[in-house]
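One structure is given below, encoded as structure tokens.
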Amino acid sequence: MATVLDPAGAPAADERRPASRTKSTTPGGRRRHVPPLLAISPFYVLFAVFGAFPIIFSVYLSFQDWDGIGDMRFVGFKQYGWLLQDSVFWHSVLNTFEIWFLSTVPMLFLALVLAFLLHSQVRFTGVYRVAYFIPNVTSMVAMTVVFGSVFAQAGLANAVLRAIGVDGIGWLSSEWGIKSSVSLMIIWRWVGYNALIFLAGLQAIPTEHFEAARVDGANSRQTLFRVVLPQLRPVVLFAAVTSTINGLQIFTESQVLFQSTDVGTTGGPGQEGMTIVLYLWQKAFKEHQFGYGAAMGWVLFAIIAIFTVINWRLVAGSDEDRRSGIAGLLRRKGARHGR
């Protein structure tokens, strides 16, 4: 077959290589991506309407003075300036931090203990897992009403204390009684959920690591701190971050627990149960200061972001240190077997 040459003696351009297909000439072209995009489009539509738009609008609203009905009045950063001078807001911030500390630290510790118990060879493990998770899916409003009866002055909690010779506590009337009662409700709700998270992390640890620690002569405490916790660090980080996010957004417990006092907007006597979100709800939906509430929401977002970074720095640690410690255990185990 003869080859057509150009004047320079090289094959003609049409004969040098087969013509490449462009996107427009490919069968279907870009139209073949349309059906998959249409299939997932409802999610993006719903997210744009109920997720992205409220977020963007809240930023705009935080610079406006608006009662929800009349015209908006632009006030710039004055909302944030008023917020910094609001003594009730700072009192709610302090209450939120105290309740968060009283609930999150014991909750994570108890969850870790429960996870170890479930990880051991015990009977009816599945029943315990379901029982621990039930509080997390139970209506918090209903359970807060129950806890309100338990923590009443003549309730079950004080009855038990008096039975063992201890004077009753003003769970719903004193400063630390209010904070403790709210913290106990948070612990009751989330300890089982975090225990199952820790249990999943424990089950992912290879058994050879425990065997290496046992061969190396490590006791239970050393195994916990040298083998288990370093490898559970990502799981602990997840639990700490999510618990911080949830703990700084406490609302239902305080709002329903003290609903008899001005429909739950005061946070109890002395406003000791007033949290940031409860105060936000009071200003936005009771006093109709939506711009002020939006500004408060973004300040809360900044606080949560800062605490998330702090948790990340404290808990994450160095993956190289974790891997080197485990590798050392395995090397020592191999050396002992070699002998």
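Along the sequence shown, residues carry numbers from 1. What you see below is based on every heavy atom in this structure, not just the backbone, and it leaves out hydrogens, waters and symmetry mates.
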- [ ] Could you name each residue pair satisfying salt bridge (charged side-chain N to carboxylate O under 4.0 Å, His left out) that touches residues 52-79, not counting sequence neighbours?
- [x] Asp65-Arg73
Task: Leu84 reachable from Met296 in the ILVMFWY side-chain graph, under 4.5 Å edges - done: yes
Task: Nearest-0.5 Å distance, CG of residue Leu237 to OG1 of residue Thr308 - done: 9.5 Å
Open item on the list: Is there a continuous path of hydrophobic side-chain contacts, each under 4.5 Å between heavy atoms, that joins Phe53 to Val49?
Closed with: no
Open item on the list: Ignoring hydrogens, what is the shortest heavy-atom contact between Pro106 and Ile187? Give both atom names and the distance.
Closed with: CB-CD1, 4.0 Å
- [ ] Show your reasoning for whether side chain to side chain contact (heavy atoms under 4.5 Å, CB included) applies to His288 and Ile69.
- [x] CA-CA 9 Å; His288 306 292; Ile69 299 176; over 6 Å; no
TODO: With sequence neighbours excluded, tell me which residues meet side chain to side chain contact (heavy atoms under 4.5 Å, CB included) with Val88.
DONE: Asp86, Gln271, Tyr279
Task: CZ-CG distance between Phe238 and Asn311, expressed to the nearest 0.5 angstrom - done: 13.0 Å
- [ ] Check Gln64 against Val75 and note the closest heavy-atom contact, atom names and distance.
- [x] C-CG2, 4.1 Å
- [ ] Would you name the heavy atoms of Ser243 and Met107 that are closest together and state the gap between them?
- [x] OG-CE, 3.3 Å
Open item on the list: Please report the interatomic distance OG1(Thr104) to CG(Asn246), rounded to the nearest 0.5 Å.
Closed with: 9.0 Å
Open item on the list: Just to verify, what does Tyr44 make a side chain to side chain contact (heavy atoms under 4.5 Å, CB included) with, not counting sequence neighbours?
Closed with: Ile40
- [ ] Could you label the plane-to-plane angle of the Tyr80 and Phe77 rings as parallel, tilted or perpendicular, counting under 30° as parallel and over 60° as perpendicular?
- [x] tilted
Task: Approximate separation, where rounding is to 0.5 Å, of Ser181 OG and Glu272 CD - done: 11.5 Å
- [ ] Group every Ile, Leu, Val, Met, Phe, Trp and Tyr by side-chain heavy-atom contacts under 4.5 Å, then state whether Val309 and Leu248 land in the same group.
- [x] no
Only pairs under 3.5 Å count here: list side-chain donor-acceptor contacts from residues 167-175, not counting sequence neighbours, and write none if there are none.
unit_1	atom_1	unit_2	atom_2	d
Trp171	NE1	Asn158	OD1	3.1
Ser174	OG	Gly170	O	2.7
Ser174	OG	Gly177	N	3.2

Task: Side-chain donor-acceptor pair present, Asn95, Thr275, cut-off under 3.5 Å - done: no
Task: ring-ring contact (aromatic ring centres under 6.0 Å, His included) against Tyr292, all qualifying residues, sequence neighbours excluded - done: none
Open item on the list: Is there a path of hydrophobic side-chain contacts, each under 4.5 Å between heavy atoms, that joins Met185 and Val137?
Closed with: yes
- [ ] Identify, with sequence neighbours excluded, every residue that meets side chain to side chain contact (heavy atoms under 4.5 Å, CB included) alongside Val113.
- [x] Phe109, Leu117
Task: Remaining members of the apolar cluster that contains Trp176, side-chain heavy atoms under 4.5 Å - done: Leu102
Task: Other ILVMFWY residues reachable from Ile56 by side-chain steps of under 4.5 Å - done: none
- [ ] Say whether Trp90 and Leu94 are linked into one hydrophobic cluster, either directly or through other cluster members, by side-chain heavy-atom distances under 4.5 angstrom.
- [x] no
TODO: Run the numbers on Glu253 and Ile250 for side chain to side chain contact (heavy atoms under 4.5 Å, CB included), then give the verdict.
DONE: CA-CA 7 Å; Glu253 293 83 354; Ile250 304 167; 3.5 Å; yes
- [ ] Locate the shortest heavy-atom distance separating Trp298 from Ser58; write the atom from each residue and the value.
- [x] NE1-OG, 3.0 Å
Task: Partner set under ring-ring contact (aromatic ring centres under 6.0 Å, His included) for Phe307, not counting sequence neighbours - done: Phe97, Trp100
TODO: Name all residues meeting the ring-ring contact (aromatic ring centres under 6.0 Å, His included) criterion together with Phe101; count only those two or more places apart in sequence or in a different chain, and write none if there are none.
DONE: none
TODO: Mind checking ring-ring contact (aromatic ring centres under 6.0 Å, His included) for Trp188 and listing every partner two or more places apart, or none if nothing turns up?
DONE: Phe147
Open item on the list: Return the CG to CG distance between Leu156 and Leu161, rounded to the nearest 0.5 Å.
Closed with: 9.5 Å
- [ ] For Ala111, enumerate each residue passing the side chain to side chain contact (heavy atoms under 4.5 Å, CB included) test, keeping only those at least two apart in sequence or located in another chain.
- [x] Val191, Asn194, Ala195, Phe198
Open item on the list: To check you understand the geometry: which heavy-atom pair defines the closest contact between Gln249 and Ile304, and what is its length?
Closed with: CG-CD1, 3.9 Å
Task: Separation of Gln282 CD from Leu278 CG (nearest 0.5 Å) - done: 7.0 Å
